[in-house]
Each structure stands twice: as structure tokens, then as C-alpha cells.
Amino acid sequence: MKLDHAVILVRSLEASLPWYTTMLGAIGFTKTREHVWLSDDGFAIDLKQANADTPGYQRYAPGLNHLGFTAPDEAALDAVRGAMAAAGHPVADKQHFGDSIATFFKDPDGMRVEVTVYE
């Protein structure tokens, strides 16, 4: 079986939609419905509004820690970084881990989305 979809609850759809629209578009997802994006291989990401009385994202709390995507090469990683910067979203430095290069982007709630090139 393959992974079909992920639902991400965000504190504010208004704040998070521009960030995810840029990020998911830059890594090749297509918006198919309101708040839903689909990859070429059929994996969907759906944003939903979290309840107001729930705690916010915590990096080391139980639950989803981060999403990781593989870029085919460093130019593709740089294109994602450029798209995020051009849209006014903060872009962290590249990190080098032996045979890989990654950037960890933080969404408006602080959840990380990783884009990595494996050399």
C-alpha cells in the first residue's frame, strides 16, 4: 500500500494558505480543491483549520514532526528556496549532512517542511 494523503491542521488558514500554496506549488503539487494539493504520484496534502482551544505545534510533541520531500538536484532545491523568498516567506540556510543538502522551511505555525537533495 502507498501513503495516500496527509491532513495538516493549522492555527489560521488565512495565514497558512499563502505559505502552503507557494511551497507545494514550488515542489510540484497541483491544487485540486480548496485547501487540497496533489502530487504527480497521487499523494494529497489537505489543510484544515485547527480548533481554537487546542495547543499549537510543538516540534518534539507527539504527532507529525515534519514533512520531507526529495529534490532531484540542488538546482531544484534552489528553485524552491527562490520561490519561497520571492513570495516573502523566510528561508533558512542550506544544511549539509554528509551526502545530502537540505533546507528546513517553517510554516506559519512552526512546523517544518524539509526539502533534501541526496548526492
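Within 6.0 Å of the NZ atom in Lys106, the count of heavy atoms belonging to other residues, nucleotides or ligands does not exceed 12. Within a 6.0 Å sphere centred on CD of Glu119, heavy atoms belonging to other residues, nucleotides or ligands number more than 12. Heavy atoms from other residues, nucleotides or ligands lying under 6.0 Å from CG of Asp40 number 12 at most.
In this structure, OG in Ser12 is found 8.0 Å from CG in Leu17, a value given to the nearest 0.5 Å. The distance from atom OH of Tyr57 to atom CG of Leu9, rounded to the nearest 0.5 Å, is 13.5 Å. Between atom CH2 of residue Trp19 and atom OG1 of residue Thr21 there is a gap of 11.0 Å, rounded to the nearest 0.5 Å. With rounding to the nearest 0.5 Å, the separation of CG in Leu47 from CG in Leu24 is 7.0 Å. Atom CG in Asp107 sits 9.0 Å away from atom CG in Leu67 (nearest 0.5 Å).
Ring pair Phe29/Phe69: centre-to-centre distance below 6.0 Å.
In terms of heavy atoms, Phe104 sits closest to Ala92 at O-CB, 3.6 Å. Nearest approach of His66 to Arg112, heavy atoms of both residues: CB-O, 3.0 Å. Across all their heavy atoms, Pro90 and Phe105 have their closest contact at O-CD2, 4.4 Å. Residues His96 and Ile101 come closest through the heavy atom pair ND1-CG1, 3.5 Å. The nearest pair of heavy atoms linking Ala83 to Thr22 is O-CG2, 3.5 Å. Heavy-atom minimum distance, Arg11 versus Asn51: NH1-O, 3.2 Å.
Taking 4.0 Å as the cut-off between side-chain N and carboxylate O, Asp4 and Lys2 do not count as a salt-bridged pair.
A side-chain donor-acceptor contact under 3.5 Å links Glu114 and Thr116.
Under the 4.5 Å side-chain criterion, counting only non-hydrogen atoms from C-beta, Phe43 is not in contact with Leu38. Inter-residue side-chain proximity for His5 and Asp46 is flagged as unmet; no heavy-atom pair is nearer than 4.5 Å. With a 4.5 Å cut-off on side-chain heavy atoms, Asn65 and Arg59 count as touching. Looking at heavy atoms from C-beta onward, Met84 lies in side-chain contact with Met23 at the 4.5 angstrom threshold. Considering only heavy atoms from C-beta on, Lys48 stays 4.5 Å or farther from Ile8 through its side chain.
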Could you walk me through whether Met111 and Val10 pass the side-chain contact (heavy atoms from CB on, under 4.5 Å) test, one step at a time? CA-CA 9 Å; Met111 189 181 82; Val10 296; over 6 Å; no
Gln95/Thr103 under side-chain contact (heavy atoms from CB on, under 4.5 Å): CA gap, chis, key distance, verdict: CA-CA 6 Å; Gln95 296 182 32; Thr103 297; over 6 Å; no
Audit row: Arg81, Val115, side-chain contact (heavy atoms from CB on, under 4.5 Å) steps and yes/no: CA-CA 9 Å; Arg81 292 170 50 80; Val115 179; over 6 Å; no
For Val117 and Ser100, what are the C-alpha separation, side-chain angles and deciding distance, and is it a side-chain contact (heavy atoms from CB on, under 4.5 Å)? CA-CA 5 Å; Val117 176; Ser100 64; over 6 Å; no
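When hydrophobic clusters are built by joining Ile, Leu, Val, Met, Phe, Trp and Tyr residues whose side-chain heavy atoms come closer than 4.5 Å, directly or via intermediates, Ile45 is grouped together with Leu64. Side-chain heavy atoms closer than 4.5 Å link hydrophobic residues (I, L, V, M, F, W, Y) into clusters, and following such links, even through other members, never connects Val36 to Leu3. Val91 and Tyr20 fall within a single hydrophobic cluster, where Ile, Leu, Val, Met, Phe, Trp and Tyr are joined by side-chain heavy atoms under 4.5 Å apart, directly or via other members.
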